[in-house]
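Okay, structure first, notes after.
Naming: A, B, ... by sequence-line order, numbering from 1 per chain.
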Amino acid sequence: MNNAQLADIFDKIADLSQLKGESVFVVRAYQRASHTIQTFPTELERYVQEGRNLREIPGIGEAIAKKITELVSSGKLEFYEKLKAEFPEGLLAIMDIPGVGPKTALRLCQELGVNSVADLEQAIVDGRVEQLPRLGKKTADNILRHLRTLGTKERRTPIGQAMRQAQGVMADLRVRCPGIRRLEFAGSLRRYQETIGDIDLVCVAADPQQVIDALAGLPEVAEVLGQGGTKGSVVTKSGVQIDLRVVQGEAFGALWQYLTGSKEHNVLLREHANRLGLSLNEYGVTVAATGAQETFADEVSLYARLGLAYIPQELRQGTRELDTARRNAIPRLVELADMRGDLHVHTDWSDGRAPLEAMLAACAAKGYAYVAVTDHSSGRGIANGLTVERILRQAQEVRAMNGRFGDMRVLTGSEVDIRADGSLDYPEEVLRELDVVVASVHSAMGQAREVMTERIIKAMRNPYVTVIGHPSTRLIGEREPIDADWEALFRAAAETGTALEINASPERLDLKDSHAARARELGVPLIISTDAHSVEGLDAMHFGVGVARRAWCEAKDVVNTKGYDGVREWMRGKRNF
DNA sequence: GCCGTTTTCGGCCCGACTGTTTTCAGTCG
């Protein structure tokens with residue numbers, strides 16, 4: 001049983017506990033455990049097998065540790081089975097409808113005999129729901145509306161799309177409201193999560209109402225969910241929810257912090273504040289003893305007031321960042337400016353859209369010290385992969401580009417298919433001629449775990465393989481990752497000195513954050529590359545850096561933060577392994 | 001159910017908005 005499945009069960013236990021009327025603290029404990037498990041870098045199943053103590057994980061106590069052990073050893077949990085049996089199966093789905101929580105779901109079930117979403121729809125249409133005390137026509141209509149769009153819209157938006165949309169809306173708002181003094185995005189977008197639930201915007205303006213109204217009036221807005229004096233919430237025509245919070249004055253630090261979250265981080269932060277005799281909300285800090293209010297112009301001063309080092313937004317996941325900040329041990333995370341080159345770039349020699357020179361010119365304009373040209377190998381017929389003859393000719397041309405783009409060094413390379421049996425698409429005589437070999441799985445992605453794991457490890461053992469490209473092959477929201485023993489892959493990568501890629505393309509982000517974190521822990525060299533197929537694609541580097549930062553990576557953990565000489569030296573190490 | 005620079009027991013984050021209410025419960029983030 002993997003962490004995602006475990007987390008799902010504890011999330012359901014939390015929901016069921018709510019229905020059962022357990023105290024909110026019990027519910028919260030299960031929710032917290034679910035979140036912790038979801039983001040934990042190691043599979044708990046392996047953790048338990050290795051005899052490690054689950055209770056060392058924050059948020060996991062005696063009771064939940066026992067439940068996890070039962071789940072990973074038997075695949076079942078008696079407590080959960082019994083709990084589930086107490087309620088109709090459809091009740092959890094009813095609770096998934098926005099606006100319907102445990103209280104309402106239970107009433108619908110007990111007072112109207114509603115046991116499924118379909119039952120509920122019928123009950124609303126029949127007019128039975130609006131007759132219940134403290135519900136009413138408006139509530140019933142809202143539930144119906146949400147119920148009917150439940151299956152139709154994607155729940156989360158990939159970060160690339162959300163980022164574009166956020167920037168568009170922010171530009172529009174600035175034009176419409178000249179009184180805006182500051183406008184930033186917050187939430188999961190700012191934390192560089194791979195998918196975004198809704199876009200959170202924070203704003204400082206003299207006239208908050210004007211900005212709220214402007215948001216509601218944007219042409220791309222399909223529905224206004226709520227509109228108050230400081231807060232507006234809309235859904236765009238593309239189905240993305242945008243929440244906007246506007247304040248007057250300069251007390252921006254606490255607001256931005258609050259809306260950046262995560263929720264789990266904020267809960268921990270407020271608990272921490274309470275222990276210091278302080279109370280924290282989105283306006284600032286209140287000293288409990290005196291009632292004195294303090295505001296903060298920026299986040300750094302807010303964290304400092306709470307006795308904490310600044311916590312970069314990507315680390316605000318509600319895991320160990322608070323403890324680390326208290327010990328003043330937050331590392332200096334890798335930054336976009338640390339990136340010295342891109343080691344995975346395509347041109348129109350294969351399936352890229354731009355010519356070689358255009359790609360190189362764009363890389364030079366970014367100030368890179370080097371770039372590797374890595375078009376597809378011949379196995380990718382559909383991607384116009386390069387035959388042996390063409391790759392050797394391209395390598396010649398690429399080498400000849402050196403000196404034409406200032407100090408930027410141009411490296412030869414290829415993105416070589418790892419075939420189903422783990423062999424590579426080019427013979428060694430060819431690979432030997434290339435500076436950078438990105439080995440990637442592009443076919444037979446459905447192989448069984450053992451086969452797939454062995455296949456990739458075989459590629460790592462090839463001395464000419466520099467890096468494994470987009471290791472999981474997933475496309476976010478479109479294609480599931482391969483099934484592989486990640487722990488085994490990470491150990492093999494560390495042993496052979498093969499880098500693993502953090503593919504920065506926002507539809508991939510592969511390795512993902514938790515995998516990158518585990519790889520880093522095991523000493524695997526990481527390379528952040530854009531896999532650009534166009535000039536614009538080169539701009540995706542910051543998404544990859546965001547993933548690396550979420551994985552607590554420092555510059556030293558990322559190979560292509562080294563200068564040209566450093567990278568060459570590192571690559572020589574791999575060839576001699 | 002978890003947890004400890006007040007504590008192994010007694011606490012546990014905080015506010016906005018909606019819809020239904022004459023003061024607030026439920027939901028959400």
Gap in Å between the two C1' atoms, one belonging to B:dA25 and one to B:dT21, rounded: 10 Å
Sugar-phosphate only, base, or nothing, as touched by A:Lys263 at under 4.0 Å among non-hydrogen atoms: base
Touch class at under 4.0 angstrom, heavy-atom based, for A:Asn142 against every strand present: sugar-phosphate
Gap in Å between the two P atoms, one belonging to B:dC12 and one to B:dT7, rounded: 16 Å
Pairwise P distance, B:dG11 and B:dA16 [rounded to whole Å]: 26 Å
Interface limits on DNA chain B, where chain A has a heavy atom under 4.0 Å of a nucleotide atom: B:dG1 to B:dG29
Span that lies between the P atom of B:dT20 and that of B:dC28, in whole angstrom: 16 Å
Mutual orientation of the aromatic rings belonging to A:Phe10 and A:Tyr30 [parallel < 30°, tilted 30-60°, perpendicular > 60°]: parallel
Pairwise C1' distance, B:dC3 and B:dT8 [rounded to whole Å]: 9 Å
A:Thr104 side chain vs A:Val100 backbone, donor-acceptor pair below 3.5 Å: no
Sugar-phosphate, base or nothing in reach of A:Ser233, heavy atoms under 4.0 Å: nothing
Nucleotide forming a Watson-Crick or wobble pair with B:dA16, both distances under 3.5 Å: B:dT27
Toward the 5' end of DNA chain B, by each residue's nearest nucleotide, A:Ile97 or A:Leu225: A:Leu225
Intermediate values then yes/no, side-chain hydrogen bond (donor to acceptor under 3.5 Å, both in side chains), A:Arg326 and A:His272: CA-CA 10 Å; A:Arg326 192 156 36 207; A:His272 170 77; 3.1 Å; yes
Donor-acceptor pair, side chain of A:Gln38 and main chain of A:Asn3, under 3.5 angstrom: no
Sub-4.5 Å side-chain heavy-atom contact between A:Ile212 and A:Gln227: yes
Lys/Arg cation over aromatic A:Trp552: A:Arg320, 6.0 Å, 45° cone: yes
Sugar-phosphate only, base, or nothing, as touched by A:Tyr283 at under 4.0 Å among non-hydrogen atoms: sugar-phosphate
Within 45° cone and under 6.0 Å: A:Arg46 NZ/CZ vs A:Trp486 ring: no
A:Glu121 with A:Arg148: basic N within carboxylate O range, under 4.0 Å: yes
Sugar-phosphate, base or nothing in reach of A:Leu135, heavy atoms under 4.0 Å: sugar-phosphate
Between B:dC13 and B:dC17 - P atom distance, rounded Å: 22 Å
Contact list for DNA chain B against residues 5-29 of chain A - heavy-atom distance below 4.0 Å: A:Phe25, A:Val26, A:Arg28, A:Ala29
Sugar-phosphate only, base, or nothing, as touched by A:Pro133 at under 4.0 Å among non-hydrogen atoms: nothing
Whole-angstrom distance between B:dG10 and B:dT6, as gauged at atom C1': 12 Å
Distance between P atoms of B:dC14 and B:dC9 (Å, rounded): 26 Å
Verdict with supporting geometry, A:Glu299 and A:Arg316, salt bridge (charged side-chain N to carboxylate O under 4.0 Å, His left out): CA-CA 13 Å; A:Glu299 292 182 317; A:Arg316 300 180 198 168; 3.0 Å; yes
Sugar-phosphate, base or nothing in reach of A:Leu280, heavy atoms under 4.0 Å: sugar-phosphate
Side chain proximity check, A:Lys66 to A:Leu77, heavy atoms < 4.5 angstrom: no
Electrostatic pair A:Arg128-A:Asp119, nearest N-O below 4.0 angstrom: no
For DNA chain B, the residues among residues 64-79 of chain A that have a non-hydrogen atom under 4.0 Å from it: A:Ile64, A:Lys67
5' priority, DNA chain B, between A:Asn274 and A:Ala140 [closest heavy atom]: A:Asn274
Touch class at under 4.0 angstrom, heavy-atom based, for A:Gly261 against every strand present: nothing
CA sep, side-chain torsions, deciding dist, call: A:Tyr192, A:Gln313, side-chain hydrogen bond (donor to acceptor under 3.5 Å, both in side chains): CA-CA 8 Å; A:Tyr192 273 97; A:Gln313 60 267 23; over 6 Å; no
Nearest heavy-atom neighbours spanning A:Ser233 and A:Gln241: OG-NE2, 3.2 Å
